[in-house]
2 protein chains.
Amino acid sequence: MESRKEADLLTKWDGSAFVPHVSIDLVIFGFHDGQLKVLLLHWRTGTDWLLPSGFIHHDENMDDAAHRSLQERTGLQAVFLQQFHTFGEAVRFKHFTKQETMIRLGFPGDIDEPLFRRHVSIGYYALVEFSEVVPTPDQFTDECRWWDVDEVPPLLFDHNDMIKLALKTLRRQLSYQPIGYNLLPEKFTMPELQRLYETILGQPLDRRNFQKRVLGYDILERLEERKTGGAHKAPYLYRFDKARYEKVLEDGMSFVG
Amino acid sequence: MESRKEADLLTKWDGSAFVPHVSIDLVIFGFHDGQLKVLLLHWRTGTDWLLPSGFIHHDENMDDAAHRSLQERTGLQAVFLQQFHTFGEAVRFKHFTKQETMIRLGFPGDIDEPLFRRHVSIGYYALVEFSEVVPTPDQFTDECRWWDVDEVPPLLFDHNDMIKLALKTLRRQLSYQPIGYNLLPEKFTMPELQRLYETILGQPLDRRNFQKRVLGYDILERLEERKTGGAHKAPYLYRFDKARYEKVLEDGMSFVG
DNA sequence: TTTTCATTGTGTCTATCTTACACACTATAA
DNA sequence: TTATAGTGTGTAAGATAGACACAATGAAAA
């Protein structure tokens with residue numbers, strides 16, 4: 001408890017408000033400029049970046065805590081947010097040792113800072129609409145911004161691994177579930193949707209087959225409207241049917257050999 | 001710390017040796033008599049059953065803790081063991097309230113027993129060979145035995161939900177990954193393997209197509225030996241090729257739309 | 001000893017799903 | 001007015017998954 005006061009010089013964070021030893025890490029994906037982006041925070045001191053994290057109130061459901069943390073960083077609610085893995089290595093330092101990390105983060109190297117206690121981190125990944133996000137740093141950070149997923153710098157702790165696994169999970173789910181709409185604005189064109197899929201999967205897709213397949217989910221509604229402004233034939237706009245979407249997601253996948 | 005002493009009357013368990021607020025719950029599947037089984041523990045006092053649990057030493061990797069706990073309950077090492085979901089509801093009591101549960105388990109209703117603190121539980125599921133298991137109770141329990149998965153009684157906490165989700169995960173993985181061998185002895189016949197799959201998936205499978213498919217994974221080796229003793233034509237014995245198996249598992253699934 | 005019976009071993013044909021592919025149309029820019 | 005780049009649309013071929021039947025065999029029963 002003594003050492004907490006020292007740490008409090010740096011932060012006003014009261015760790016006792018939360019379940020100790022457990023944190024939530026968020027891999028928040030957005031899509032912009034034909035690039036898949038991930039939201040990172042910059043530590044107030046030093047040069048380091050890391051994933052947004054959250055903690056769980058003593059009487060709070062873990063999923064709710066994840067939503068709350070996401071809301072705090074992005075201003076958004078009600079988005080696609082899903083637990084994907086729990087990280088429980090005893091030593092979660094990767095690019096830097098614990099000592100190095102503490103120094104980089106501006107903590108005296110010997111204090112018992114709750115943030116440096118043994119943590120089990122539940123990884124969640126979110127799909128959000130880029131343009132709606134208001135990136136907001138937390139008490140420990142002074143900047144919150146998007147990074148291209150393939151330009152992410154070496155992050156603190158094992159956060160690079162987390163992004164890698166979140167991306168793997170996203171790709172897998174994208175391949176057999178109709179998620180992905182979550183990354184686009186309300187109305188979007190088929191080419192936009194396709195480019196999104198191509199970017200995430202990292203491979204080109206056939207235009208006609210893609211359309212056939214994605215319409216096959218029967219969760220998209222084609223509007224009369226078309227999108228003008230491009231120097232080409234105006235594509236139709238689509239909107240997705242939230243009710244059907246939920247139903248398809250619930251049914252889950254139809255795995256039967 | 002005071003209240004610990006009271007609890008210690010009942011148990012010799014020293015919670016401080018472990019990361020608090022975090023537990024590991026194991027859904028251990030076995031296969032016997034054409035039935036999928038799950039290993040449950042019986043609380044020393046009362047009539048209640050629950051899943052085997054474990055805790056994480058402060059300097060121990062979570063996966064290692066899961067393996068250790070599995071080893072303690074079954075005597076087995078090196079089996080298929082996989083994290084499948086983390087359960088983080090604030091209230092994890094299901095069939096009984098917290099008060100009821102504490103009474104049923106023989107704790108005074110007002111103490112601060114570590115076992116009843118807010119927990120986040122990482123669910124692991126394991127596939128083990130039934131005949132090799134030596135079911136072993138822990139400090140809190142006086143019996144450890146197999147139950148048919150569809151005859152599991154109402155369990156303490158949210159353990160019924162855990163089994164349900166573990167089973168769902170198992171079925172999904174079984175449908176597109178060559179797991180399942182883990183539930184059989186070293187040498188097994190194709191019909192045995194098929195019956196295992198049919199039991200887990202809860203549906204009959206075509207004999208010829210099943211064989212075609214399972215051999216397609218190219219991880220089974222057919223022996224010269226045949227299994228005699230049945231009142232019928234003697235089936236071939238198979239063994240699986242661990243090296244190839246590992247490789248297939250690593251590659252993961254080939255999801256590409 | 002012979003017969004019966006339940007079970008194993010095996011390949012092909014069909015239906016379904018997946019993939020490859022081309023041309024006419026149109027909104028802007030030149 | 002023309003050029004250009006990107007959109008809208010259907011079909012045929014290939015790959016994959018699913019249905020299906022008969023001969024062989026080992027033990028048990030006759």
Side-chain angles (χ1 to χ4, degrees), chain A residues 33-34 171-172 174-178 184-185 187-199 201-218 220-239 248 251 253-257, chain B residues 33-34 171-178 180 184-185 187-199 201-218 220-239 248 251 253-257:
Chain A
D33 261 349
R171 285 188 174 136
R172 183 188 317 169
L174 199 67
S175 303
Y176 52 75
Q177 277 203 341
L184 293 174
K187 298 175 182 179
F188 51 88
T189 68
M190 194 56 68
E192 281 167 354
L193 183 61
Q194 182 176 343
R195 236 155 281 140
L196 168 66
Y197 271 68
E198 288 177 332
T199 302
L201 296 175
Q203 63 178 212
L205 301 171
D206 181 272
R207 214 149 51 84
R208 277 170 290 188
N209 294 337
F210 176 78
Q211 173 154 341
K212 210 187 308 173
R213 179 175 164 191
V214 87
L215 290 179
Y217 286 131
D218 200 32
L220 290 189
E221 180 188 1
R222 185 165 95 175
L223 308 175
E224 286 309 313
E225 239 175 313
R226 285 160 175 261
K227 173 161 195 166
T228 60
H232 315 292
K233 181 172 179 177
Y236 285 104
L237 283 168
Y238 290 81
R239 179 165 55 193
V248 173
D251 292 352
M253 327 143 206
S254 61
F255 294 106
V256 167
Chain B
D33 261 350
R171 285 190 174 135
R172 184 187 316 169
Q173 299 218 10
L174 198 66
S175 303
Y176 51 75
Q177 278 203 341
L184 294 173
K187 298 175 182 180
F188 51 87
T189 68
M190 196 53 71
E192 281 167 353
L193 183 61
Q194 182 176 345
R195 235 155 281 140
L196 168 66
Y197 271 69
E198 289 177 331
T199 303
L201 296 175
Q203 64 177 214
L205 300 171
D206 181 89
R207 215 151 49 88
R208 277 170 287 189
N209 294 336
F210 176 79
Q211 173 154 341
K212 211 187 309 173
R213 180 174 163 192
V214 88
L215 290 180
Y217 286 130
D218 199 32
L220 290 189
E221 180 189 0
R222 186 165 93 175
L223 308 175
E224 285 310 312
E225 239 175 311
R226 287 160 175 261
K227 174 164 195 162
T228 60
H232 314 292
K233 181 171 180 177
Y236 285 104
L237 284 168
Y238 291 81
R239 178 167 53 194
V248 173
D251 293 351
M253 324 141 208
S254 61
F255 293 107
V256 167

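Quick caveat, the model's predicted, so the values are computed rather than measured. To find a chain, count down the sequence lines: A is the first, B the second, and so on, and within it residues start at 1. Just so you know, these numbers use all the heavy atoms, side chains as well, and skip hydrogens, waters and symmetry mates.
- Distance, B/Arg213 CZ to D/dT16 C1': 12 Å, rounded to whole Å.
- The two residues A/Ala234 and A/Lys227 come nearest to each other via the heavy atoms CB-O, 3.4 Å.
- The two residues A/Gly34 and A/Thr199 make their nearest non-hydrogen contact at O-OG1, 3.5 Å.
- Of the residues in residues 187-196 of chain A, those placing a heavy atom less than 4.0 Å from an atom of DNA chain D are A/Pro191, A/Arg195, in numerical order.
- Taking CG of B/Leu193 as the reference point, atom CG of B/Leu184 lies at 6.0 Å (rounded to 0.5 Å).
- Across the protein-nucleic acid pair, A/Tyr217 atom OH and C/dC17 atom P stand 14 Å apart, rounded to whole Å.
- Taking both residues in full, the closest heavy atoms of A/Leu220 and A/Tyr238 are given as CB-CD2, 4.2 Å, listed atom of the first, atom of the second, then distance.
- Between the CD atom of B/Glu224 and the C1' atom of C/dG9 there is a distance of 15 Å, given to the nearest Å.
- Between B/Val214 and B/Met190 the shortest side-chain heavy-atom distance falls below 4.5 Å.
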So which protein nitrogen or oxygen atoms get under 3.5 Å of nucleotides 11-14 of chain C's nitrogens or oxygens?
residue, atom, partner, partner atom, Å
C/dT12, O4, B/Lys212, NZ, 3.2

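- For the atom pair CG of A/Leu237 and OG1 of A/Thr228, the computed distance is 9.0 Å after rounding to the nearest 0.5 Å.
- The distance between atom OH of B/Tyr176 and atom P of D/dA17, rounded to the nearest whole Å, is 15 Å.
- What separates CD of B/Glu198 from P of C/dT7 is a distance of 13 Å, to the nearest Å.
- Between A/Lys227 atom NZ and D/dG6 atom C1' the separation is 14 Å, expressed in whole Å.
- Using cut-offs of 30° and 60° on the angle between ring planes, the pair A/Tyr197 and A/Phe210 is perpendicular.
- Once rounded to the nearest 0.5 Å, the distance linking CZ of A/Arg213 with CG of A/Asp206 reads 12.0 Å.
- Atom C1' of nucleotide C/dT18 and atom CZ of A/Phe210 are separated by 15 Å, given to the nearest angstrom.
- In this structure, A/Gln211 atom CD and C/dA20 atom P are separated by 17 Å, rounded to whole Å.
- The structure places OG1 of B/Thr189 at 12.0 Å from CD of B/Glu225, a figure rounded to the nearest 0.5 Å.
- Between the CD atom of B/Glu221 and the NZ atom of B/Lys187 there is a distance of 10.0 Å, given to the nearest 0.5 Å.
- Looking at B/Glu198, its side chain does come within 3.5 Å of a backbone N or O of B/Leu205 through a donor-acceptor pair.
- B/Arg222 has a side-chain polar atom (N or O) that falls below the 4.0 Å cut-off from OP1 or OP2 of C/dT10.
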Just the table, please: protein N/O against nucleotides 27-30 of chain C N/O, every pair under 3.5 Å.
residue, atom, partner, partner atom, Å
C/dA27, O4', A/His232, O, 2.9
C/dA27, N3, A/Ala231, O, 3.3
C/dT28, OP1, A/Gly229, N, 3.4

